[in-house]
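Written below as structure tokens is the structure these notes are about.
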Protein chains: 2
Amino acid sequence: MSVNLEVVREVSEFNNYYNSLAELLNRHLADNNLSLSALRVLIKLREEEEQCTAGKLIANLGIDGGYLSRILKSFESNQLIAKRKSNLDGRTWYLQLTAKGSKLLETLEQGSAEQIGKLLEPVPAEQQLALAGAMKTVRHILSDDAKISPEDITYRRDLQPGDAGFLMHMHGSLYAKEAGYNLEFETHTCKTFYEFLEAYNSSKDQVFLAMHGNQIIGSIAVLGHSRYATQMRWFLVHPDYRGIGIGQRLLTEAINAAKEKLFQKIYLITTSQQVAATSLFKKNGFRKSGEKHMPMWGLQLTEERYEIDLI
Amino acid sequence: MSVNLEVVREVSEFNNYYNSLAELLNRHLADNNLSLSALRVLIKLREEEEQCTAGKLIANLGIDGGYLSRILKSFESNQLIAKRKSNLDGRTWYLQLTAKGSKLLETLEQGSAEQIGKLLEPVPAEQQLALAGAMKTVRHILSDDAKISPEDITYRRDLQPGDAGFLMHMHGSLYAKEAGYNLEFETHTCKTFYEFLEAYNSSKDQVFLAMHGNQIIGSIAVLGHSRYATQMRWFLVHPDYRGIGIGQRLLTEAINAAKEKLFQKIYLITTSQQVAATSLFKKNGFRKSGEKHMPMWGLQLTEERYEIDLI
DNA sequence: TTTTTTAATTGCTTTTGTCAAACAGATTTC
DNA sequence: GAAATCTGTTTGACAAAAGCAATTAAAAAA
């Protein structure tokens, strides 16, 4: 993968900036006679919970063995950690935080939170959210394990100003990128949104949005087109958030909403390209009720219709 | 301003994460026998260019005076900086990087860039851009002086999939927040975008987008509705980017495009609420050609029409 | 069994950073 | 205008943080 020089420059400047900021944020450590390395060890120990050895810490934290040994020794003499001899290897010890250790860590984080609170105090609420989002993005992009978990995702059912546009944006850009659709597809999406917004009626229509912070990252809708049938539309999960059950959750919500509104059937139109989505539809009881080859969105596609009976 | 606990938690985790990363990014410093503090001093000296004193460095970098004195002494003996006695105050010295000092700094940054390059190497290009954007956002929110400058903004004239949706999103959410418009406004915007996308023709229509990284932060369009007149639409600059001339640049581009396409007149419709925009219109030669009080977007508004003759 | 490797520790050293005192020029006070 | 105070910088003494190399003891390989 090639590296963008502008990006390198920004990372460099950011690093430079953050070096100053870190000094401020980590100042409270001195009050507790801990070095930054010692704190990192404590945090890592909490993360690993059990079966953490010195070697693991050295590998993970990039810390010198001798130095670490002394840090651990002082932790032990302060009863912050407990050592347990491995019976697989007589040289290694399993390290574990004691209750006292956990408590100290909490106190430290309390102190850190106070520092951060002071830093954030003059920042408007909305910018605070944007900050958290940006930091999460940085971590998410740079680290393998800062995976987003289902608990980070919230859901909402109301459509607020800006939502429709953002959904259209997601559809337009993602389908262009992932399926190669052209602008015509966004035009079509725009039309469907216009028709929806014009005739929106909460007794027959229902939108669900999956949110990460204040960002929409997934969507689905059921639109009552007749007294008996409702159309499912705009089923999409942002690629960064796939594979953690958001799609299934949205689908379940949509089916339940259609049932609550007493529709007898849900139908939807998709293409044969949408393999992941169609397999999810089938798993949830939908069956294919039609297909049609046709030129669409600049490609030659197979349009598929799926249906499910709700009674 | 109240502080969001979730945000504090994310900042804390980010800090924790970045402490590990910083260790990696700053590793190359050791090769040049420099401490992080020493590097920060060098960078600050370059920034300040002239008339930088030890006191200024102490205040800006939060570094101990004694320690700094030694750092500077070593810099001087290595001919990285030159000292010049102040004639206003016999105690102070003006510090300045020598050519050798600047060169060292460049070498260091080269090393840093290599580290960063390695870090970014496995990251897809698009994510790299998102990373830079997120880092810029963090700096921008937390520091007063990381202001966005006009040079950071790029412009493009082509409409890519996802753009229309994002513009609709910006209009819907910003007008809701800043002017109190309801969903009807987004419905209307949706309609205008649908009409535009349906009939898009580059010989008469032109969109301009102001970009920060890969994010749209401003827009304008001229839409040829007849052979003689073109309508200006979607003039908007994201609030975080106002006041640095983006609006004027967009307006100029739009007027020029209308002239190039040989339209005789531009008209636009806005409301009396849009004080900043209308004053910009007037400054650029537009005159008010009509107004109408009416209920709109959930409010009682005064719709205004502006025109400019291009011939 | 011997050799080699590996996990952890210990001794020694350098680097980094802090604190308090000293110093010298500037400013204020009487 | 001399004494006292304050300010910007330096120096000395010291402590904490971190790195390096040698050592130990257990495990794995030869």
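Of all nucleotides listed (C:dG25, D:dA27, C:dA8), C:dG25 comes nearest to the side chain of B:D89. With distances taken from any side-chain atom of B:S69 to the nucleotides D:dT10, D:dA18, C:dT18, the minimum falls on D:dT10. Closest to the A:S35 side chain, of the nucleotides D:dC20, D:dA17, D:dG8, is D:dA17.
Annotation: the span from B:S102 atom OG to B:K100 atom NZ amounts to 12.5 Å, rounded to 0.5 Å.
The residues A:E47 and A:K44 are annotated as salt-bridged, a charged nitrogen and a carboxylate oxygen being separated by less than 4.0 angstrom. The pair A:R9-A:E6 meets the salt-bridge criterion, with a side-chain N (NZ, NE, NH1 or NH2) lying under 4.0 Å from an Asp/Glu carboxylate O.
Looking at B:V7 and A:V123, their side chains never come closer than 4.5 Å, going by heavy atoms from C-beta outward. Here the side chains of A:L45 and A:L105 are not in contact, with every heavy-atom distance at 4.5 Å or above. A heavy-atom distance below 4.5 Å is found between the side chains of A:T53 and A:Y94.
B:K83 comes within 4.0 angstrom of the backbone, heavy atoms only, and of no base. Within the 4.0 angstrom heavy-atom criterion, only backbone atoms of the sugar-phosphate kind lie near A:T92; the bases stay farther away. Base contact: B:G65 has a heavy atom under 4.0 Å from a base atom. Nucleic acid contact for A:D64: base, since at least one base atom lies under 4.0 Å from a heavy atom of the residue.
Atom C1' of nucleotide C:dA8 and atom NZ of A:K73 are separated by 12 Å, given to the nearest angstrom. Taking atom CZ of B:F75 as the reference point, atom P of D:dT10 lies 14 Å away to the nearest angstrom. Taking atom CD1 of B:I58 as the reference point, atom C1' of C:dC19 lies 14 Å away to the nearest angstrom. For the pair B:L36 CG and D:dA16 C1', the interatomic distance rounds to 17 Å; values are reported in whole Å. Atom pair B:L72:CG and D:dT10:P shows a separation of 7 Å (rounding to whole Å applied). Between A:N33 atom CG and C:dT18 atom P the separation is 14 Å, expressed in whole Å. Regarding B:R70, its CZ atom lies at a distance of 11 Å from the P atom of D:dT10, rounded to whole Å. Between B:Y67 atom OH and D:dA15 atom P the separation is 18 Å, expressed in whole Å.
Contact annotation: B:K85 side-chain N/O to C:dG25 OP1/OP2 distance is not under 4.0 Å. Put simply, A:S37 has no side-chain N or O that comes within less than 4.0 Å of OP1 or OP2 on D:dA17.
Where B:R91 and A:L88 meet DNA chain D, the nucleotide closest to each residue was compared, and B:R91 sits on the side nearer the 5' end.
The overall bend of the helix from C:dT1-D:dA30 to C:dC30-D:dG1, read as the angle between its terminal helix axes built from five base pairs each, is 10° when rounded to 10 degrees.
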N/O donor to acceptor pairs below 3.5 angstrom from side-chain atoms of residues 17-29 of chain B, sequence neighbours left out:
from: B:Y18; atom 1: OH; to: A:N15; atom 2: OD1; distance (Å): 3.0
from: B:N19; atom 1: OD1; to: A:N26; atom 2: ND2; distance (Å): 3.4
from: B:N19; atom 1: ND2; to: B:N15; atom 2: O; distance (Å): 3.3
from: B:E23; atom 1: OE1; to: B:R27; atom 2: NH2; distance (Å): 3.1
from: B:N26; atom 1: OD1; to: A:N15; atom 2: ND2; distance (Å): 3.0
from: B:N26; atom 1: ND2; to: A:N19; atom 2: OD1; distance (Å): 3.4
from: B:N26; atom 1: ND2; to: B:A22; atom 2: O; distance (Å): 3.2
from: B:H28; atom 1: ND1; to: B:L25; atom 2: O; distance (Å): 3.0
from: B:H28; atom 1: NE2; to: B:L108; atom 2: O; distance (Å): 3.2

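Within 6.0 Å of atom NZ in B:K83, more than 12 heavy atoms from other residues, nucleotides or ligands are found, so the atom counts as buried in its surroundings.
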